Amino acid sequence: SAVISQKPSRDICQRGTSLTIQCQVDSQVTMMFWYRQQPGQSLTLIATANQGSEATYESGFVIDKFPISRPNLTFSTLTVSNMSPEDSSIYLCSVEGDSLNYGYTFGSGTRLTVV
Amino acid sequence: GENVEQHPSTLSVQEGDSAVIKCTYSDSASNYFPWYKQELGKGPQLIIDIRSNVGEKKDQRIAVTLNKTAKHFSLHITETQPEDSAVYFCAANNYGQNFVFGPGTRLSVLP
């Protein structure tokens, strides 16, 4: 399965600022996914990012707040814009499995605290 | 859309005992059911999965069973060890659709 490197692993940010999270995969993948995991909660899909097209956002998430870039088949970024304390969460990137293993592989996550 | 429920939310077992976590799903079209283990400070890791054409799958101390008629599937961990302590998530999807995750079960294995 793919190996995902996600940076930064954690950050503490001031409200009103923005943070960009990077996700690097060791192989080319068609689809990359960004999830949010609020404290003690399950995983919620933010958006799906395909190379060469705009990301597809889930209900409750908008591009102005969570702009996503997908410049090539191994890299993506998620920006959390104009942060508030409610944005404090773990943000995870994920890629789909190969044809034999549908399960997603997740990065180690970015633990964001907004103060 | 799909809805996945998971029980119990917390589970404590003595080392060496078995642990069982159960999930139910709502969409009969779902045909793939993975289980993830998330240790503190780490991302979820796929530990076992099952497809709808199989009733049971086993990998060493871990097994998953699926009852498509009742729309539920369960994770079974035998001979639990302290390193099994983590949060476990079930999920369901129909290939090509997004995964829906359960709310998670925090498993504590007491030495």
Side-chain angles (χ1 to χ4, degrees), chain A residues 1-11 21-25 30-50 55-61 78 89-113, chain B residues 1-10 21 23-25 29-54 57 59 62 64 66 73 75 86-108:
Chain A
S1 58
V3 176
I4 300 174
S5 298
Q6 191 172 333
K7 294 190 296 186
S9 59
R10 60 177 62 232
D11 208 341
I21 302 167
Q22 299 181 1
C23 181
Q24 178 75 52
V25 189
T30 302
M31 299 171 71
M32 295 180 74
F33 308 89
W34 287 98
Y35 282 85
R36 182 175 73 182
Q37 186 176 27
Q38 295 180 300
Q41 301 296 313
S42 188
L43 294 86
T44 301
L45 182 64
I46 297 172
T48 302
N50 290 332
T56 302
Y57 289 82
E58 297 299 304
S59 175
F61 298 96
L78 169 76
S89 291
I90 299 172
Y91 292 86
L92 297 146
C93 82
S94 175
V95 301
E96 59 184 354
D98 57 31
S99 59
L100 297 179
N101 178 1
Y102 298 154
Y104 288 0
T105 299
F106 284 87
S108 55
T110 296
R111 184 178 295 272
L112 171 62
T113 302
Chain B
E2 176 66 275
N3 181 53
V4 177
E5 297 184 354
Q6 184 173 347
H7 298 280
S9 57
T10 60
I21 303 169
C23 287
T24 59
Y25 61 99
S30 289
N31 54 20
Y32 177 64
F33 309 92
W35 284 91
Y36 288 86
K37 175 184 181 182
Q38 186 175 27
E39 296 175 288
L40 193 63
K42 298 184 179 180
Q45 179 186 10
L46 179 68
I47 57 171
I48 197 168
D49 57 10
I50 193 167
R51 293 176 176 76
S52 60
N53 58 345
V54 176
K57 183 177 179 180
D59 182 2
I62 296 174
V64 56
L66 171 65
F73 57 110
L75 177 70
V87 179
Y88 291 81
F89 294 98
C90 62
N93 89 328
N94 185 1
Y95 187 64
Q97 304 297 316
N98 293 324
F99 282 95
V100 177
F101 288 85
T105 296
R106 182 174 298 278
L107 173 64
S108 299

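Just so you know, these numbers come straight off a predicted model, no measurement behind them. All values below were derived from every heavy atom in this structure, side-chain atoms included, with hydrogens, water molecules and symmetry-related copies excluded. Numbered from 1 within each chain, the chains take letters A, B, ... in sequence-line order.
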Checklist entry - Does B:Phe99 reach the side chain of A:Glu96, with side-chain heavy atoms less than 4.5 Å apart? => result no
Checklist outcome for this item: Honestly, the part of B:Gln38 sitting under 4.5 Å from a heavy atom of chain A is side chain
Item to check | Euclidean distance, B:Asn98 CG relative to A:Met31 CE, rounded to 0.5 Å | outcome: 6.5 Å
Item to check | Check: B:Leu46 main-chain N/O paired with A:Tyr104 side-chain donor or acceptor under 3.5 Å | outcome: no
Checklist entry - Given that the side chain runs from C-beta out, which part of A:Thr48 has a heavy atom under 4.5 Å from chain B: side chain, backbone, both or neither? => result side chain
Next on the checklist: Looking at every heavy atom in both A:Gln41 and B:Phe89, which two are closest together, and how far apart are they?
Outcome noted: O-CZ, 3.9 Å
Next on the checklist: As an exercise: rank A:Thr105, A:Ile90, A:Thr44, A:Leu43 by heavy-atom pairs under 4.5 Å with chain B and give me the winner.
Outcome noted: A:Leu43
Checklist entry - More than 12 heavy atoms of other residues, nucleotides or ligands under 6.0 Å from CD of B:Glu2: is that the case? => result yes
Item to check | Atom group of A:Gln6 that falls short of 4.5 Å from chain B, counting heavy atoms | outcome: neither
Checklist entry - Looking at side-chain heavy atoms only, is the closest gap between B:Val4 and A:Ser42 below 4.5 Å? => result no
Checklist outcome for this item: Sorted by chain and residue number, the ring-ring contact (aromatic ring centres under 6.0 Å, His included) partners of A:Tyr35 (sequence neighbours excluded) come out as A:Phe106, B:Phe101
